[in-house]
Amino acid sequence: MTNFKRTLVTSALPYANGPVHIGHLAGVYVPADIYVRYLRLKGEDVLFIGGSDEHGVPITLKARNEGVTPQDIVDKYHTIIKKSFKEFGISFDIYSRTSNKIHHETASGFFRTLYDKGEFIEKETEQYYDQEAGQFLADRYITGTCPHCNKDGAYGDQCESCGTSLNATDLINPKSTISGSVPTLKATKHWYLPLDKHEPFLRKWILEDHKEWKSNVYGQCKSWIDLGLQPRAVSRDLDWGVPIPVEGAEGKVLYVWFDAPIGYISATRELTPDWEKYWKDPETRLLHFIGKDNIVFHCIVFPSMLKAEGSYNLPDNVPANEFLNLEGDKISTSRNWAVWLHEYLQDFKDKQDVLRYVLTSNAPETKDNDFTWKDFQARNNNELVAIYGNFVNRTLVLTHKYYDGIVPAPESFNSFDNETLDAIKGIVDKCEDAIKNFKFREAVKEAMNLARLGNKYLADTEPWKLIKTDAERVKTIMYISLQITANLSLLMEPFLPFTSKKLREMINLTEPEWSLCGLKEILKPGHAINQPELMFQKIEDQEIEVQLDKLLQSKKDNEVSSVKAATPAKENISFEEFTKMDIRTGTIVEAEKVAKTKKLLRLKIDTGIDQRTVVSGIAEFFRPEEIIGRQVSILVNLAPRNLKGIESQGMILMAEDADGKLVFVSPAQKIANGSIVS
RNA sequence: GCCGAGGUAGCUCAGCUGGUUAGAGCGCAUGAUUCAUAAUCAUGAGGUCGGCGGUUCAAGCCCGCCUCUCGGUACCA
């Protein structure tokens, strides 16, 4: 590995359409912060970059829904996010935002450089255009009837009721949500980044030169590369974002995935005139801390952009974490299933380190993990309070009791003393090693072992007994306990910065100096310490109940809203229109899974008229053998369609609830096949 | 279906290029102890290492098949 002189750490830019929750923290910000704090303690040259990602369609939609401007939305959430990060102790050197002028300049310039170098390809496509509003419509701004499930209110990119992804041009009766008018197709030009062109490079750079990357990261990159990379549009028709700096590109902005990572660069420029040293000097190590949803962008797309530009460093590592679940369910912003940082900070005043500790010791480093409040409570009470807090407290209390808060001079060390003192350095080394390898869970556990060492030392030497019989010996014991305490204040600093600060004040140390960490003497004999106070408080059941109730309420709210979410009735149709549909009763006589699909069953239906084949997307809900013999309703005069090489002649009628669960619409009693449903 | 990641003690996880009785923390049980926020310390119980088969003197680790979870991708009339 290259010997780097400095490090640039970026953390994924949170999307400014909502606050930050524990999933973000555990996956990205806490590990990044630990790493950065560690490097700073070592006196290394490091920058820690963060900021809000403020462009993109979801923000414009949210603004529209709330009747405010996109800028209002991002201002609101940027403020909340920035404040909560600061209060939580995520030690960014800068927390910027992509709606800044400097970012627009940077992103725009970056595009222009690639454009001038001929790194893009241009394509003209037909897209929906709203004549009244005079603008092209993003997929999300078009609604219409879903061509799959025939429900109204499907969006141009996805039908919410059947979950299918769509092309806007597939919608039946498309309608602009901006003006309500019927959009027309119009040619529009866009630029694409030809990822396929960079494939040979990526293959070598990742698959051969970066085998040390985490297995989840490496594996996913390989998967993408092997699937074949496609050119990706870098521009889109929208008025919220960074305008494309090319003539004839009015009304077009950079696609948000293109401008967001450039936000790291913009923020660095904003921070220091020396920014190029951090981005372009090969002796700088670039690290991206992200969640697994971002692997492709940071390992494939952004490096391709940087490579195409030519003068930038590529990331040396991308330590991506998996996801954190909450009480067994996926965290979801829309379902309000989350622990929001700004709410945590209110509910648990001055308990930043507790959450930092829990999220670190239970971080989803190798697979998705679960956060539970019960575990949160247990880790606080049984580990922070009982092991760490308790050791420090008993040491300091005894020191005051026996020596009025003055560090005693040791007499002579016996072999157990020496063993204990030697063990400190061993623990520190292990902890450092784990941090360097992004194994923060292991690192914090190692740090706790130092407190365990202290507790054991006290239990084995029993100074409270010896003070009556061998007072001289107690000096040595307390001296050693105090050195362990001082070491803890340093070793814990990257993980529990607030607590370390508190502890340093108690033992009267000023700034943390990592060079002291692991030493056998940090506090000199004669050094005066201050009055101790408790570093951690127990968390009672009641506080946990409050949080669980909060989540329970979210669940209830969701149930209510999903009942409300019944799709409104469609427009009236005439009886004649209805009678065009020929719906019959029929019986399933054969059923089998269509090979190589997840959802499809090939059914043979006795319709009374004939026996025909129907392909139906119900395999996730029904096993073939359990539906044979079942009576169903079937639309028999639907135009046949070829699915996976099988001609499907008709459609089985199913009822579908808000969660996507399917149920047969069958006659209530057995009736002859071919009976007309009307 | 295909690709990727994972399935190891009640819970959360370690286990290097295969090598003696599979480890840690928390929880649990018992004992010791009282300086300390009934905290601590010691000891112990608890595992057919997802399942089946194979390679090997030897497999949690290698190979094949199967199964479950998560993510990506194809598919849903």
Side-chain angles (χ1 to χ4, degrees), chain A residues 146-150 159 162-165 214-228 292-293 295-296 322-323 325 330 358 361-372 374-375 378-379 381-402 434 439 441-442 444-446 448-449 451-452 454-467 474 477-478 481 532-538 593-601 614-620 635 638-641 643-644 648 650-654 656 660 662:
Chain A
C146 173
H148 297 216
C149 66
N150 283 316
C159 170
C162 67
T164 313
S165 12
K214 288 175 64 170
S215 61
N216 57 338
V217 176
Y218 185 91
Q220 205 181 121
C221 290
K222 186 173 185 316
S223 175
W224 271 79
I225 292 172
D226 288 346
L227 265 159
K292 70 171 162 186
D293 52 326
I295 289 174
V296 173
E322 302 282 302
F323 286 151
N325 293 326
K330 263 179 224 178
V358 173
S361 13
N362 193 27
E365 284 176 2
T366 52
K367 62 175 183 190
D368 289 2
N369 254 344
D370 198 26
F371 176 95
T372 64
K374 198 170 154 270
D375 179 65
R379 285 191 188 274
N381 293 355
N382 305 334
E383 299 179 30
L384 291 178
V385 173
I387 297 172
Y388 182 25
N390 188 224
F391 167 68
V392 169
N393 189 241
R394 56 205 298 221
T395 299
L396 300 189
V397 165
L398 287 178
T399 303
H400 275 278
K401 202 164 176 177
Y402 300 153
K439 294 181 175 177
R441 213 169 39 197
E442 188 184 323
V444 78
K445 187 172 142 192
E446 216 40 73
M448 279 306 272
N449 278 342
R452 289 196 175 91
N455 277 320
K456 182 170 166 50
Y457 181 74
L458 281 180
D460 289 353
T461 53
E462 300 183 308
W464 49 90
K465 278 188 182 168
L466 285 179
I467 196 71
V474 174
I477 294 169
M478 292 320 298
S481 300
E533 47 187 282
L534 298 179
M535 297 197 298
F536 303 99
Q537 276 72 42
K538 283 206 152 198
K593 194 128 186 250
V594 178
K596 299 183 179 182
T597 66
K598 196 193 288 182
K599 298 186 178 176
L600 300 185
L601 290 187
V614 172
V615 177
S616 188
I618 59 174
E620 287 180 303
L635 179 60
L638 182 69
R641 182 177 163 115
L643 287 168
K644 283 277 162 188
S648 179
M651 167 175 160
I652 305 295
L653 268 49
M654 306 294 296
E656 183 183 9
L662 294 176

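None of these values were measured; they are calculated from a predicted model. In what follows, chains carry the letters A, B, and so on, assigned in the order in which the sequence lines appear, proteins first and then strands, with residues in each chain numbered from 1.
- Here the separation of B:C76 from B:A5, taken at their C1' atoms, is 26 Å to the nearest Å.
- OP1 or OP2 of B:C26 has not a single side-chain nitrogen or oxygen of A:Lys445 nearer than 4.0 Å.
- Among the heavy atoms of the strands, none lies under 4.0 Å from A:Lys222.
- A:Arg441 is listed as a side-chain neighbour of A:Thr366, based on a closest heavy-atom distance under 4.5 Å.
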Audit row: A:Asn455, A:Arg452, side chain to side chain donor-acceptor pair (under 3.5 Å) steps and yes/no: CA-CA 5 Å; A:Asn455 277 320; A:Arg452 289 196 175 91; over 6 Å; no

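- Nearest-nucleotide assignment on RNA chain B puts the 5′-proximal partner with A:Asn216, out of A:Thr366 and A:Asn216.
- Side-chain contact between A:Gln220 and A:Val296 is present, with at least one heavy-atom pair separated by less than 4.5 Å.
- Note on A:Ser616: only backbone sugar-phosphate atoms sit closer than 4.0 angstrom, heavy atoms only; bases stay farther off.
- Note on A:Val296: nothing from the nucleic acid sits closer than 4.0 angstrom, heavy atoms only.
- Remark: the backbone N or O of A:Glu365 is not paired with any side-chain donor or acceptor of A:Lys439 at under 3.5 angstrom.
- Straight-line distance from the NZ atom of A:Lys439 to the C1' atom of B:U12: 16 Å, rounded to whole Å.
- Across all strands shown, A:Glu322 has no heavy atoms under 4.0 Å from either base or sugar-phosphate atoms.
- Nucleic acid contact for A:Lys214: none, since no nucleic acid atom lies under 4.0 Å from a heavy atom of the residue.
- Each of A:Glu462 and A:Ser648 was assigned the nucleotide of RNA chain B with the nearest heavy atom; the assignment lying further toward the 5' end belongs to A:Glu462.
- Searching all strands for a Watson-Crick or G-U wobble partner of B:A5 with both distances below 3.5 Å returns B:U69.
- Annotation: B:G23 and B:C49 have their P atoms spaced 14 Å apart (nearest Å).
- With sequence neighbours left out, A:Lys374 forms a salt bridge (Lys or Arg N to Asp or Glu O under 4.0 Å) with no residue at all.
- Remark: P of B:A77 and CD1 of A:Ile652 are 10 Å apart, rounded to the nearest angstrom.
- When the P atom is used for both B:G71 and B:A9, the distance is 23 Å, rounded to whole Å.
- Comparing B:A45 with B:A24, their P atoms are spaced 12 Å from each other, to the whole Å.
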The contact string for nucleotides 37-42 of chain B, one letter per nucleotide 5' to 3', using protein heavy atoms under 4.0 Å with B, S and - for base, sugar-phosphate only and none, comes out as B-SSSS

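- Rounded to whole Å, the C1' atom of B:U69 lies 42 Å from the corresponding atom of B:G31.
- The salt bridge (Lys or Arg N to Asp or Glu O under 4.0 Å) test applied to A:Asp460 returns A:Lys456, not counting sequence neighbours.
- Look at B:A77: it lacks any Watson-Crick or wobble partner with both distances under 3.5 angstrom.
- Following rounding to the nearest Å, A:Asp293 (CG) and B:G72 (P) show an atom-to-atom distance of 9 Å.
- One can place CD1 of A:Ile295 at 14 Å from P of B:G4, the figure rounded to the nearest angstrom.
- Rounded to the nearest Å, the gap between the C1' atom of B:A42 and that of B:G4 is 46 Å.
- Taking atom CD on A:Glu442 and atom C1' on B:U12, their separation rounds to 14 Å, with Å as the unit.
- Look at A:Ser223 and you won't find any side-chain N or O under 4.0 angstrom from OP1 or OP2 of B:G71.
- Here, B:U55 and B:C65 have their C1' atoms 15 Å apart, quoted to the whole Å.
- When both distances must be under 3.5 Å, the Watson-Crick or G-U wobble mate of B:A14 does not exist.
- Following rounding to the nearest Å, A:Met448 (CE) and B:G25 (P) show an atom-to-atom distance of 12 Å.
- To the nearest angstrom, C1' of B:C76 lies 11 Å from CD1 of A:Ile618.
- At a threshold of 4.0 Å, the pair A:Glu322-A:Lys292 counts as salt-bridged, since one of the basic side-chain nitrogens sits closer than that to a carboxylate oxygen.
- Atom CG in A:Leu398 sits about 11 Å away from atom C1' in B:U34, given to the nearest Å.
- Base pairing of B:C49: no nucleotide in any strand meets the Watson-Crick or G-U wobble criterion (both distances under 3.5 Å).
- Within the nucleic acid shown, A:Leu600 comes within 4.0 Å of sugar-phosphate atoms alone, with no base atom in reach, counting heavy atoms only.
- Pairing for B:C57 goes to B:G19, judged as Watson-Crick or G-U wobble with the two contacts each under 3.5 Å.
- With a cut-off of 3.5 Å on both pairing distances, the Watson-Crick or G-U wobble partner of B:C41 is B:G31.
- Here B:G71 is the nucleotide among B:A5, B:C26, B:G71 with the atom lying nearest to any side-chain atom of A:Lys330.
- For the pair A:Thr395 and A:Met478, the minimum side-chain heavy-atom distance is below 4.5 Å.
- Rounded to whole Å, the C1' atom of B:G1 lies 35 Å from the corresponding atom of B:U56.
- Taking a pair to require two hydrogen-bonding distances under 3.5 Å in either a Watson-Crick or a G-U wobble arrangement, B:A36 remains unpaired.
- Put simply, A:Arg379 has no side-chain N or O that comes within less than 4.0 Å of OP1 or OP2 on B:U12.
- Side-chain contact check for A:Trp464 versus A:Lys401: every heavy-atom pair is 4.5 Å or farther apart.
- Looking only at side-chain heavy atoms (C-beta outward), A:Val392 and A:Pro532 stay at 4.5 Å or farther from each other.
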